[in-house]
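Data first, discussion second: the structure below is written as structure tokens.
Atoms within each ligand, like the ligands themselves, are counted from 1 in listed order.
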Amino acid sequence: MKNSSQINEPITSQLIDKLYEGNQKEVTGYRVNHAKGIVLTGLFTPSKQASSISTAPHFSQSVPVIVRLSNSTGIPNIEDHNPKASPRGIAIRFTLPNNQHTDIVGHSVEGFPADTPEEFLNFLSVANQAESHPDKFSNYINAHEASKHFFSLLGQTPKSFATTAFYPLHTFKFINQHQQVTLGRYQVQPILGVQYLSDKDAGLKDKNFLQTDLVEQLKKTAIQYHLVLQVSKPEDDVMRISQPWLGPHEIIDLGTITLNKIGDDQLRLNQDLAFDPTTLSTGIESVQDPMFAIRSPSYRLSTIRRSQELNLRHHK
Ligand code: HEM
């Protein structure tokens with residue numbers, strides 16, 4: 001029997017090729033997207049309610065977390081105030097008992113330029129020609145709801161990673177000990193609230209200010225986020241990651257992420273960590289939206305390619 005990664009092999013490598021083509025990946029050994037990042041460590045403490053939503057182990061006990069905060073593009077030294085650095089990224093690894101882990105990967109806008117792998121491939125093909133064929137690019141964007149919405153959200157510079165909200169976008173089934181299912185999407189909400197810089201203030205900032213500010217803030221206090229669940233309503237399309245769910249929704253607090261240390265040896269951590277948003281725990285299942293199956297093989301292939309680049313660099 002074929003597994004999902006074999007089924008998705010051709011489109012996976014096409015997607016990664018397109019990402020390499022478009023993400024200005026001139027430096028080898030880094031991620032093809034979200035190349036510039038900083039790794040922190042801390043603790044996830046579940047809320048009292050979390051264990052009634054899912055039997056996931058980290059919903060009933062505090063667990064260590066590793067968090068990588070990042071800028072978009074494959075440029076490892078992109079200036080933090082460059083509009084192309086948006087959306088920002090977050091990757092969270094929860095360390096679970098028995099050498100298990102589960103990952104959440106999100107970005108700082110509530111949208112994505114495609115709802116299916118084929119649509120994403122089309123989008124990347126056109127986006128990669130944005131400079132040579134600007135009209136084709138703008139026509140495509142205007143004609144496609146997902147990319148139109150996505151581009152309307154880009155470009156802002158956050159005051160800090162500690163004032164940035166993140167959206168993992170996929171819908172999951174959260175299953176409790178009575179087999180009751182809650183459908184919802186995670187949100188990672190900063191305790192300090194969402195705050196952006198004006199373009200003028202952003203332009204005055206040092207090119208690495210998002211990372212240096214974290215170091216300064218940690219000297220005073222920890223960086224904290226609420227992990228919350230936006231509970232779906234019958235009218236929400238849980239199969240489309242490109243669209244926010246409109247109107248008021250029930251929000252359940254799942255717990256608090258507290259980051260209190262910058263990881264030692266950033267270069268090594270950035271290279272070695274390979275997140276996979278499809279690594280789930282017991283009590284949490286995917287709704288199998290069309291993008292979900294493609295993510296694991298894409299991240300795996302990208303990790304293989306950047307590791308090979310590193311090996312080549314070491315052997316030159
Ligand atoms: C099928 C759709 C997608 C594809 C093909 C894709 C592809 C990739 C690839 C190849 C990487 C580099 C992985 C590595 O070398 O470690 C990456 C990283 C990343 N992507 Fe995606 N991505 C997709 C969807 C998304 C979505 C929906 C989000 C946000 C909600 C997202 C956020 C991120 C973040 C934050 C990182 C950096 C992870 C880290 O810190 O290691 N991606 N993506």
Side-chain angles (χ1 to χ4, degrees), residues 4-5 8-23 25 27-40 65-76 78 85-93 103-124 127 146-147 149-150 153-154 161 164-172 185-188 239-244 263 266 269-279 286 289-310:
S4 64
S5 67
N8 290 315
E9 203 59 64
I11 192 134
T12 299
S13 46
Q14 288 178 61
L15 279 169
I16 300 297
D17 285 347
K18 288 287 171 212
L19 284 167
Y20 263 73
E21 201 177 285
N23 272 2
K25 189 167 161 27
V27 190
T28 57
Y30 290 87
R31 284 164 179 73
V32 64
N33 197 4
H34 295 274
K36 182 178 183 181
I38 182 166
V39 180
L40 296 95
V65 285
I66 302 172
V67 169
R68 182 171 183 272
L69 295 160
S70 58
N71 281 345
S72 281
T73 77
I75 309 168
I78 189 167
S86 159
R88 318 289 151 175
I90 194 167
I92 310 169
R93 173 154 301 168
D103 294 347
I104 293 178
V105 177
H107 67 194
S108 59
V109 297
E110 208 174 355
F112 196 74
D115 285 308
T116 64
E118 295 73 19
E119 189 186 0
F120 193 29
L121 194 59
N122 287 339
F123 163 79
L124 290 174
S147 48
H149 173 66
F150 180 70
L153 304 171
L154 296 185
F161 275 127
T164 304
F166 296 95
Y167 303 91
L169 301 176
H170 294 280
T171 304
F172 295 100
R185 282 175 169 177
Y186 291 116
Q187 293 180 356
V188 182
M239 292 294 160
R240 294 187 70 192
I241 67 166
S242 73
Q243 300 301 318
Q266 283 294 317
L269 280 172
N270 272 280
Q271 284 168 358
D272 288 355
L273 279 167
F275 294 92
D276 180 345
T278 70
T279 308
S286 165
D289 63 79
M291 293 297 263
F292 191 76
I294 201 80
R295 290 197 70 186
S296 185
S298 304
Y299 286 59
R300 230 178 13 241
L301 183 59
S302 169
T303 305
I304 291 170
R305 286 216 193 160
R306 61 181 165 86
S307 310
Q308 285 169 344
E309 289 170 3
L310 272 183

Show the atoms of ligand 1 that are less than 4.0 angstrom away from any heavy atom in [X].
X      : result
Ile241 : 27 (C)
Ala91  : 39 (C), 40 (O)
Leu169 : 30 (C)
Val32  : 10 (C)
Phe275 : 39 (C), 41 (O)
Ile16  : 10 (C)
Phe120 : 2 (C), 3 (C), 4 (C), 5 (C)

Item to check | Pro168 heavy atom under 4.0 Å from ligand 1 | outcome: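 Per 4.0 Å heavy-atom rule, Pro168 contacts ligand 1.
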Next on the checklist: Please confirm whether Gly106 approaches ligand 1 to less than 4.0 Å, judged on its heavy atoms.
Outcome noted: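 Judged by the 4.0 Å heavy-atom criterion, Gly106 does count as contacting ligand 1.
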Next on the checklist: Please compare Phe292, Phe112, Tyr299 and report which has the shortest non-hydrogen distance to atom 42 (N) of ligand 1.
Outcome noted: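 Residue with the shortest heavy-atom distance to the ligand atom: Tyr299.
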Checklist entry - With respect to atom 15 (O) of ligand 1, which of Ser307, Ser302, Ser298 exhibits the smallest heavy-atom separation? => result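 Ranked by closest heavy atom to atom 15 (O) of ligand 1, first place is Ser302.
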Next on the checklist: Please classify the His107 to ligand 1 contact at 4.0 Å (heavy-atom distances, strictly less than): side chain, backbone, both or neither.
Outcome noted: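 Looking at His107 and ligand 1, atoms from backbone and side chain both fall under 4.0 Å.
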Mind checking whether [X] has an N or O less than 3.5 Å away from an N or O of ligand 1?
X      : value
Arg306 : yes
Ser70  : no
Tyr167 : no
Arg68  : yes

Item to check | Geometric class of the Phe172/Tyr186 ring pair [parallel <30°, tilted 30-60°, perpendicular >60°] | outcome: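 Rings of Tyr186 and Phe172: tilted, as their planes differ by 30° to 60°.
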Checklist entry - Looking only at protein heavy atoms, which one is nearest to atom 2 (C) of ligand 1, and how far off is it? => result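 So the nearest neighbour among protein heavy atoms is Met291 CE, 3.5 Å.
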Checklist entry - Could you walk me through whether Met239 and Asp115 pass the side-chain contact (heavy atoms from CB on, under 4.5 Å) check? => result CA-CA 8 Å; Met239 292 294 160; Asp115 285 308; over 6 Å; no
Checklist entry - Quick one: does NZ or CZ of Arg88 land under 6.0 Å from the six-membered ring centre of Phe166, within 45 degrees of the ring axis? => result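 The answer is no; the distance or angle limit is not met.
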Next on the checklist: Does Arg68 qualify as a cation-pi partner of Phe275, given the criterion of NZ or CZ under 6.0 Å from the six-membered ring centre and within 45 degrees of its axis?
Outcome noted: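 That pair does not qualify as a cation-pi contact.
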